[in-house]
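Let me begin by presenting the structure, written as structure tokens, before commenting on it.
Throughout, protein chains are lettered first and strands after them, A, B, ... in sequence-line order, and every chain is numbered starting at 1.
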There are 2 protein chains.
Amino acid sequence: MTTTNRQTQAEQTKQRLFDTALELFNKKGFDNVSVDEIVKQSNSSKGAFYGHFKSKYGIFIEKFKEIDSFYEEFVRTIPEEASFNEKILLLFEGQMDYLANILGKDLMRTVYISGLNDTDENFFANSERSLYRIVRGMIKEAIERGELQKDVDIQRLTWQITRCMRGTLYDWHAFGETFDLQKESREYIEVFMDGVMGRYGGERSGNRK
Amino acid sequence: MTTTNRQTQAEQTKQRLFDTALELFNKKGFDNVSVDEIVKQSNSSKGAFYGHFKSKYGIFIEKFKEIDSFYEEFVRTIPEEASFNEKILLLFEGQMDYLANILGKDLMRTVYISGLNDTDENFFANSERSLYRIVRGMIKEAIERGELQKDVDIQRLTWQITRCMRGTLYDWHAFGETFDLQKESREYIEVFMDGVMGRYGGERSGNRK
DNA sequence: TTATATTATAGACTATAGTCTAAGACCGCG
DNA sequence: CGCGGTCTTAGACTATAGTCTATAATATAA
């Protein structure tokens with residue numbers, strides 16, 4: 001199955017549309033860029049655009065998916081010996097930093113809007129995302145180390161912990177400029193993790209239960 | 001400042017648009033109803049529509065605001081003697097029931113989309129909402145009763161507890177049909193409240209700290 | 001190599017949310 | 001009563017996301 005010339009061309013067209021769109025979005029904001037503008041500046045066409053992307057949102061969603069390689073990189077910087085609780089806190093910190101400073105608020109807003117529109121088949125619900133695999137891994141490790149009880153429902157806890165992210169990120173947009181993402185994120189997950197450790201903490205976690 | 005005939009007329013037009021729109025939304029779904037269709041079926045016009053509502057979303061947002069009178073009613077059914085923790089759990093249960101069975105998922109979806117679009121001046125961020133006043137009231141009461149420590153940051157805790165609602169409701173849409181709102185809501189807030197009581201619980205709460 | 005099938009792209013077209021302006025109806029005031 | 005001003009509404013108009021169809025270029029198979 002060798003790559004034909006035509007496929008290469010198509011890939012280049014897609015890349016050109018992608019780069020141009022991102023550049024325009026960053027310069028003028030998602031809402032102030034039209035698809036016509038993107039295709040014109042890419043010397044391309046509507047047909048090409050919608051052949052490569054499902055919608056205008058598709059550009060930002062594709063960019064957003066890069067976050068998974070960030071996660072993979074980032075977890076490697078987390079010290080092996082840190083406790084489960086510390087690891088989760090570090091993950092939140094790193095993630096929020098990446099979202100705010102690399103991807104940006106406008107991109108995240110559109111991704112969250114898509115999550116509400118494509119009510120099925122959206123990225124959040126895909127349990128194979130790196131993020132979910134990483135959190136599941138941390139939970140499994142914590143169980144092995146006796147930090148969490150053996151009978152924790154791993155999948156459920158994964159959804160719950162990542163829901164803390166989604167809730168905080170939603171509020172980041174809903175609450176406007178005054179919202180301090182890092183601070184809010186940390187304070188919130190700290191409380192939640194207290195609850196988690198109180199409920200599911202194993203013998204090695206200092207849990208009194 | 002007596003109500004003029006003209007104001008009455010306008011109010012009737014608005015009401016007609018409102019009722020017709022809701023009827024159509026419920027019948028066909030928000031995305032499958034056009035504003036043209038609404039105004040035609042209301043024997044009205046675009047000008048009238050946009051004179052009364054800020055956008056197509058405005059209809060559902062206005063309907064959503066009715067939830068505040070529901071909250072006011074509902075809290076009166078919560079037993080005075082219940083603990084802070086129990087009160088919060090009951091509030092969540094009642095709320096989710098109302099949202100799922102009275103307002104409906106489609107309405108909630110559009111309200112949550114609006115929260116992401118009108119990044120300032122949206123309903124969530126308005127701290128005078130009944131919901132927020134009620135939660136603040138519960139927290140204050142819990143402090144008075146010694147269930148929470150005296151130095152709890154009331155406003156912060158209010159935002160955090162209600163963020164549990166927002167996170168869960170976001171997931172309700174993002175995770176499609178398999179998501180059991182009541183179950184997810186309860187399990188999530190239980191963990192969070194464990195964290196809250198562990199951190200901020202007073203002498204009367206059985207907190208060991 | 002030629003004929004047939006496939007596919008990427010161009011761009012006209014559609015659907016629809018929201019804007020804008022004019023006009024008519026009603027209001028309050030003299 | 002009548003006049004100037006104001007509010008409500010009608011509906012044409014604009015902007016724009018997304019669809020659809022035709023075409024040309026390329027791939028494939030004989």
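For the pairing with Y57(A), the ring pair (Phe, Tyr, Trp, His ring centres under 6.0 Å) check across F25(A), F123(A), F64(A), F30(A) returns one residue only, F30(A).
K46(B) comes within 4.0 angstrom of a base, heavy atoms only.
Here E187(B) does not pair with R199(A) in a salt bridge; the nearest charged N to carboxylate O distance is not below 4.0 Å. E37(B) and K56(B) are not joined by a salt bridge, as no carboxylate oxygen comes within less than 4.0 angstrom of a charged side-chain nitrogen. Using a 4.0 Å cut-off between charged nitrogen and carboxylate oxygen, E62(A) and K54(A) do not count as a salt-bridge pair.
In this structure, the nucleotide among dT9(C), dC26(C), dA8(C) sitting nearest to the side chain of R6(B) is dC26(C). Of all nucleotides listed (dG28(C), dT9(C), dA10(C)), dG28(C) comes nearest to the side chain of T4(B).
With DNA chain C read from its 5' end, the first of the two nearest nucleotides for K54(B) and Q9(B) is the one closest to K54(B). For N5(B) and S55(B), each mapped to the nucleotide of DNA chain C holding its nearest heavy atom, the one lying further toward the 5' end belongs to S55(B). If D31(A) and K14(B) are placed on DNA chain D by their nearest nucleotide, the residue sitting closer to the 5' end is K14(B).
Here the side chains of H173(B) and N122(A) are not in contact, with every heavy-atom distance at 4.5 Å or above.
At least one test fails for K63(A) against the ring of F18(A): distance under 6.0 Å to the centre or angle within 45° of the axis.
Of all nucleotides in DNA chain D having an atom under 4.0 Å from a heavy atom of chain A, the first and last in 5' to 3' order are dA17(D) to dA27(D).
Note on S45(A): a side-chain N or O is less than 4.0 Å away from OP1 or OP2 of dA10(C).
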